[in-house]
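Worksheet: the structure to be examined is printed underneath.
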Amino acid sequence: MNVQRAPGATGSVRVSTEDGNTYVYPDDAVAYIAAGRLDKELFDVTQLIAQGYDDKHTSELPLILTRTTDSATLKPSATKDATSKDAGATLPGTRTTLSLPTVHGEAVRTHRSKAVAFWSALTGPAWSGTAARWCRSAGCRCR
């Protein structure tokens with residue numbers, strides 16, 4: 001399998017087959033998966049392609065971001081303009097589609113072209129209590 005990293009991404013990736021599905025794990029994501037901050041299904045390329053979330057079919061990926069009570073929440077500017085001067089708790093290329101207060105989170109869509117900036121912001125100190133899950137169920141309202 002030929003894996004192309006997002007423009008600006010660094011490091012290597014590990015490709016593995018688990019229960020017949022192909023997973024591509026960037027090295028810098030492995031610790032977050034092990035700690036439970038990232039859902040490993042975000043890296044299940046077989047399912048991403050099967051559900052139309054590959055580069056050829058969509059420029060955005062739906063996610064559910066949950067957080068601890070003391071971590072950042074998305075500010076309104078994050079839903080409109082990722083280049084806003086409000087450098088608080090915005091995630092580049094991300095727009096909120098649904099507030100999920102019961103689980104302390106948001107359903108969001110994140111744009112592939114901002115993947116490197118999104119990752120840097122998500123793993124930065126403001127978002128240290130945040131976990132990302134792939135919103136992939138048929139009834140998910142974050143699409």
Side-chain angles (χ1 to χ4, degrees), residues 1-19 21-137 140-143:
M1 170 178 261
N2 182 18
V3 177
Q4 295 179 358
R5 300 282 318 254
T10 59
S12 61
V13 297
R14 188 186 88 197
V15 179
S16 70
T17 301
E18 303 170 25
D19 298 322
N21 288 1
T22 300
Y23 289 77
V24 178
Y25 299 108
D27 285 344
D28 52 352
V30 173
Y32 294 98
I33 295 166
R37 287 193 51 210
L38 280 179
D39 184 349
K40 80 176 212 167
E41 299 308 316
L42 288 165
F43 306 95
D44 183 345
V45 177
T46 303
Q47 286 300 313
L48 287 167
I49 292 170
Q51 296 188 28
Y53 292 115
D54 57 316
D55 292 344
K56 291 182 182 178
H57 293 98
T58 187
S59 62
E60 295 182 316
L61 184 65
L63 299 171
I64 294 177
L65 301 177
T66 57
R67 62 196 180 296
T68 59
T69 55
D70 61 343
S71 66
T73 58
L74 284 174
K75 293 190 177 184
S77 61
T79 65
K80 297 176 185 171
D81 180 7
T83 61
S84 169
K85 292 180 182 176
D86 179 4
T90 60
L91 289 172
T94 301
R95 63 184 170 91
T96 299
T97 57
L98 185 65
S99 177
L100 304 168
T102 304
V103 295
H104 305 288
E106 291 89 10
V108 302
R109 293 189 65 85
T110 186
H111 203 276
R112 289 185 195 282
S113 67
K114 301 288 185 182
V116 173
F118 171 81
W119 177 252
S120 294
L122 185 67
T123 57
W127 291 89
S128 64
T130 303
R133 308 259 180 249
W134 175 28
C135 180
R136 64 181 179 164
S137 68
C140 182
R141 293 179 40 192
C142 62
R143 294 176 188 211

If I take atom [atom1] from residue [X] and atom [atom2] from residue [Y], how far apart are they, to the nearest 0.5 angstrom?
X    : Y    : atom1 : atom2 : value
S59  : K114 : OG    : NZ    : 12.0 Å
E106 : L98  : CD    : CG    : 9.5 Å
T96  : L65  : OG1   : CG    : 8.0 Å

Requested in this report: Using modelled atom types only, decide if a donor and an acceptor are shared between the side chain of T94 and the backbone of T110 within a distance under 3.5 Å.
Outcome: no
Query raised in the report: For the side chain of T97 and the backbone of A107, is there at least one donor-acceptor N/O pair under 3.5 Å apart?
Result: yes
Under 4.5 Å between any side-chain heavy atoms of [X] and [Y], yes or no?
X    : Y    : result
F118 : H111 : no
L48  : L61  : yes
L42  : L63  : yes
L38  : F43  : yes
T58  : R109 : yes
E41  : Y23  : yes

Requested in this report: Can you label the angle between the Y32 ring and the W119 ring as parallel, tilted or perpendicular, going by 30° and 60°?
Outcome: perpendicular
Report summary line: Across all chains, not counting sequence neighbours, the salt bridge (charged side-chain N to carboxylate O under 4.0 Å, His left out) partners of D55 are R112
Requested in this report: Return the set of residues passing side chain to side chain contact (heavy atoms under 4.5 Å, CB included) with D54 (not counting sequence neighbours), or none when no residue passes.
Outcome: I49, K56, H57
Report task. Please name the pair of heavy atoms, one in T46 and one in T22, separated by the smallest distance, quoted to 0.1 Å. Result ->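 Heavy-atom minimum between the residues: OG1-N, 2.7 Å.
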